[in-house]
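Predicted model, so just to flag it, every value in this text is computed and none were measured.
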Amino acid sequence: MHIMEGFLPPEWCLFWFIVSAPFIVYGMYQMRILIRENRETLPLLAVAGAFVFVLSSLKLPSVTGSCSHPTGTGLGAILFGPFITSVLGLIVLLYQAIFLAHGGLTTLGANVFSMGIAGPIVGWAIYKSCTKADLNTYVTVFLAAALADLFTYVVTSVQLALAFPAESGGFVTSFIAFATVFAVTQVPLAIIEGVVIALVFKYIIAV
Amino acid sequence: MTCALEFQDVHFAYQDGPESLRGISIAVKKGEKVALVGPNGAGKTTLLLMCNGTLRPTKGRVLLDGEALAYDTRSLREVRRKVGLVFQNSDAQLFAPTVWQDVAFGPVNLGMPADRVKSVVARALHDVGLVGFEKRPPHHLSGGEKKRVAIAGVLAMDPEVIVFDEPTSSLDPATAEEVMDLLDEVNHSGRTVILSTHDVELAYRWADTVVLMDQGEVLSTGTAEALFSDVALLHRARLKPPVVMDLFRELAGRGVLSREAPPGNALAFTDLVERQVLGRVSPDGHGRIYIADVGDGAADRVKTLLSSGTVERVGAMGTKAKRFAGDEKIALDFTYGVIDKCLLRAVNGENSLVLTSGGMVEHTVGRIAAYMTESGRQIEVCRM
Amino acid sequence: MTCALEFQDVHFAYQDGPESLRGISIAVKKGEKVALVGPNGAGKTTLLLMCNGTLRPTKGRVLLDGEALAYDTRSLREVRRKVGLVFQNSDAQLFAPTVWQDVAFGPVNLGMPADRVKSVVARALHDVGLVGFEKRPPHHLSGGEKKRVAIAGVLAMDPEVIVFDEPTSSLDPATAEEVMDLLDEVNHSGRTVILSTHDVELAYRWADTVVLMDQGEVLSTGTAEALFSDVALLHRARLKPPVVMDLFRELAGRGVLSREAPPGNALAFTDLVERQVLGRVSPDGHGRIYIADVGDGAADRVKTLLSSGTVERVGAMGTKAKRFAGDEKIALDFTYGVIDKCLLRAVNGENSLVLTSGGMVEHTVGRIAAYMTESGRQIEVCRM
Amino acid sequence: MENILEDHAHRSALRHLDTRLKLLVGGGAILLGLLSPSPLGPAFIAATMAAITVGVARTPIRFYAHLLTIPLSFATISAAVILFLSGGGETLWAAAIGPLTLTATTGSANLAALILARTFSGMCALFFIALTTPMAEIFTVMRSLRLPREFVDLSMLIYHFIFVLIGEAVATRNAQEMRHGYVSFTNAIASFAMLAGMLFVRAWEKGEELIVAMDARCYDGVFAAGEETEGASRRQIALVAAYLCLCTAVAIAARGATIF
């Protein structure tokens, strides 16, 4: 879920830019080394980024307002690691704001954190640990995608709750309210995404 | 008679863009072979995407079997079952991991039971000559094979009308001819076939009716001979006349050939020149054309004929005949444009054999008879 | 004389695959126009990818300017500066956000200083006729425009040899002819041009030397006339002879035309038939051909000529001449195959004007003189 | 999805205006809207930015109206949450739904209105940038701002591939729909997965093709930077400054104003 331009108060915009910055900077550093060592990575990173963009702008069937970000970026995290993926996430989110009017510029920091950093890291961690635990590949992929997706919404809810704490009960109440509103729409979506990504994986392995 | 498909004053504009179709009216009869001919950007693809409701006219309407298309989900499903569309770029159309899965995609989505899906897919693959390719991944196939898979995927849904966007684009000549041969077969099985092309030569030889398009408009509709002899019109559509037509016009301009009756194909052209030069057609010494239906027991008869040495050239028309030749290890001289080539051979005094099947036997006999009437030549036809 | 490019017994196999090239030997002279002709899968693209060292032969070697290619990074850069490659699919070649940036890609990577890059890119865009397109994103261009940008991107590196993989694939006939016209221009500027195609008609009219390939082997090398009159060879490579050649052979088979001297093009063919029918060439009443070099002051002279009404048809050869016609609002009748068309007009008694520039003026005069010798006709040429 | 805003930027009447100036207008408007303490400032910005985009830059009005619906759902849902969560001031409206009591107060209503206004001002300013400035020119600015080279290069290549892959995705999606790929929920899921998988495989192949194409043109780690737009005239700079000052003035003048 993209936080729209103008929705977050200025201090929180700044805060999330500062939180995301280290990941981006380190990702950029990693990327530079990787490209220097092997120039062929640049085109492959580019197709991966474009793939994430196109995948997330194709609406999932029967559901409106989908954003398969964590999905695509999760795949990126498995291929390139979470830090470089955060750079891809930044670029993709920038294009989504400018090309599709999804998200915004001042909210870019917050959106990058939820969709380009938090989601992929969770997805990546689940993938790594499940692979180590020798779980079935498709189950692993399903779990990684679905949970990364859910986690992204949790982070978005946290971001909104921090910016708009409730009058009574403060952050916690607000978080519960935002999380509930999004959970209604997003939990089924996360499950669908998990299934879709598991199928995509199956497809790629088959070809 | 109701038309298979009809466009009535169809206009279309992509979002905020200029109009890409500006009042198109075309009527396609049942069982007809229609070619939309025009340069890139003439609006051919846009028009084809309207045949099955993928695009909706901004003005005007499209009629299928005499009924105006409706654009609700349920009606569109029905339309898409009746009208199959084969894209220019096969890669965009083949998305499943194996050939079998790709061809089965439509039938499965139509809710057919599993064994019916199996038989339908087997039939479609058989019809396009790809038995044995079931488990191959489509993106490892050659261009011609991909096109066949795409056609099988559409045939599996048993449509009444099949629409092809630039069917031969980026195929080499022999493969292109084989695909065109397949299109003829599809047509002989009773389906209406519409294709778009910028290949004038192809449309010239293939189409019953040619629709000349440019810049979103229909410039003219008619038979290939009539349309392609109008050089000014072709020039307007940035197209070249077919070579045969061009040569005819040039020779007519110099007073070598008479301006009347432009030739419909290379065979007619050579006859024209010959008559002019020799003052008559060479009346005798023609070869014979044998026609074999590759059904039961054909193998023995064909082998006997071939071993007798009377036949100099062998051609096969249609997928079934080609497979028959492959199975029986018969070397083929002609795999496309078979009838005309055998007629040319016969005129030159050589005997030839046409392997074919089903309705195409009658078609072959008819075509030869028509040529005899046109040319005043007598060619002996032996059905076996 | 050393060859521009030479293949010596080149073999190649993709990883674990069967050999896709099996002992290719070809020598391409400097300044030559060579067409590799063969069906899809013959190994044409694989061979082209060896011209600039993208693929390395598993056996045999490739020589550039008489020196065997080395495959270290430094040598490869040098090779790629000398040999430009234009891919079949323009989308794969154009990856920058604007036309200007795309064309500048090569020069910038060659380390040219900024103002030199500017002048080189401006020149290249001028040469392909795309001045004013600098800021357009490539994905908004038409197929023909994309191809031109791809060619400009290669020209900007000033290569000695340019290699085109299926340059006209999926372009419509007029656009294809314009691209071929551009290829001729590139060749006139002194570069060796090699292209691959399965379009026999194209190779027939364009190439100095044709290399016929099939299944990773060279079947034959020679002039277009010689190669394309060998029907058995073409049949082996699953290709059809050019229509003109086919008609000639057919008429020769019936004894209408003499078997010697197959015609090199449609013009020669019509002359042949005319001579046969009338017993001679029509000797008089030929039109005149005016040739204008579109340099300084040409506009006035051309306008005067056109307003006098003596000229019935106007053709433009080359990008510069076409732009000139656009600027001066001169309606063009011929934009491709100009010389032959003007010759045909002249034979029919009409006057025509050829707009062209630079070295192509001499080329035009030479071509007309050659035709006069061949045909025994006298056509008046007026240079202005 | 075929609605990439950038396609309109190429047809915009402000297409050739200096890029930095356009970014300054859009960016300035976004920030001013965000910093305004009352909903009136952002409302003014939203209205003027929309008027400029439609009136001066000549974006078709129907298309613009359609664009405005994109932020609508997110903004209203989230504003509703804020309306019932935050407080302050008098109670405007209260209702009990089961165990929950939803209360809206003047304070919460004002906050919700502010957030809504800011969202629309921000989106309208973003639309202004998106609908008048081709991406290629933004790359040039990114370059001149000395952003890391790899980052800008990667952005440019992603830009290229977005259009390549969208073309394929749309065509394949059409092909699937023609063969009834999206008629039921389960087959839609399967079709979508097939589409995504195919797209991934295809994307990877394109990446490998690009390596060959880049090497064929002597790729040595550099991408050409775009040419700078011819600078802004004094009059244009003065106009932009005046507009931003006006926005600031309105925001300051209306700083205490509330709706409820």
Sort out for me which residue in Leu55(A), Val195(A), Ile192(A) forms a side-chain contact (heavy atoms from CB on, under 4.5 Å) with Phe192(D).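 Looking at Leu55(A), Val195(A), Ile192(A), the match for Phe192(D) under the side-chain contact (heavy atoms from CB on, under 4.5 Å) is Leu55(A).
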
Counting only heavy atoms closer than 4.5 Å, note whether [X] contacts chain A via side chain, backbone, both or neither.
X: Ile30(D); answer: side chain
X: Leu116(D); answer: neither
X: Ile138(D); answer: side chain
X: Met198(D); answer: both
X: Leu154(D); answer: both
X: Asn187(D); answer: neither

[X], part contacting chain D, at a heavy-atom distance under 4.5 Å:
X: Ser174(A); answer: both
X: Leu8(A); answer: backbone
X: Phe7(A); answer: both
X: Ile98(A); answer: both

So if I take each residue of residues 80-87 of chain A and look for any heavy atom under 4.5 Å from a heavy atom in chain D, which residues do I end up with?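 Answer by number: Phe80(A), Val87(A).
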
May I ask you to list the residues in residues 12-31 of chain A that approach chain D closer than 4.5 angstrom, counting heavy atoms only, ordered by number?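 Near chain D, by residue number: Cys13(A), Met28(A), Met31(A).
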
Test of understanding: with ring-ring contact (aromatic ring centres under 6.0 Å, His included), list the residues that count as partners of Phe161(D), not counting sequence neighbours.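 So Phe161(D) forms no ring-ring contact (aromatic ring centres under 6.0 Å, His included) with any residue.
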
Mind checking the CG-CG spacing from Leu157(D) to Leu45(A)? Nearest 0.5 Å is all I need.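 Rounded to the nearest 0.5 Å, the CG-CG separation comes out at 9.5 Å.
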
How many angstroms lie between atom CZ of Phe164(A) and atom CG of Leu83(D), to the nearest 0.5 angstrom?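 Taking CZ in Phe164(A) and CG in Leu83(D), the distance rounds to 12.5 Å.
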
For the residue pair [X] and [Y], what are the closest heavy atoms and their distance?
X: Pro10(A); Y: Leu35(D); result: CG-CD2, 3.8 Å
X: Gly197(D); Y: Val200(A); result: CA-CG1, 3.8 Å
X: Val196(A); Y: Ala193(D); result: O-CB, 3.8 Å

So which bits of residues 117-133 of chain D come within less than 4.5 Å of chain A, counting non-hydrogen atoms only?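 Counting heavy atoms that sit under 4.5 Å from chain A, the residues of residues 117-133 of chain D involved are Arg118(D), Thr119(D), Gly122(D), Met123(D), Leu126(D), Phe127(D), Ile129(D), Ala130(D).
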
Arg32(A) side chain to Pro148(D) backbone, donor-acceptor under 3.5 Å: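 No, because the side chain of Arg32(A) does not come within donor-acceptor range (under 3.5 Å) of the backbone of Pro148(D).
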
Who among [options] has the most heavy-atom pairs with chain D under 4.5 Å?
options: Ala97(A), Gly6(A), Ala48(A); result: Gly6(A)
options: Thr173(A), Thr180(A), Leu44(A); result: Leu44(A)
options: Pro165(A), Gly103(A), Ala166(A); result: Ala166(A)

Fit a plane to each ring of Phe99(A) and Phe163(D), take the angle between them on a 0 to 90° scale, and name the class: parallel (under 30°), tilted (30 to 60°) or perpendicular (over 60°).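 Ring orientation, 0 to 90° scale: tilted.
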
Using 30° and 60° as the class boundaries, would you call the ring planes of Tyr159(D) and Tyr95(A) parallel, tilted or perpendicular?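 The arrangement is tilted - the two ring planes meet at 30° to 60°.
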
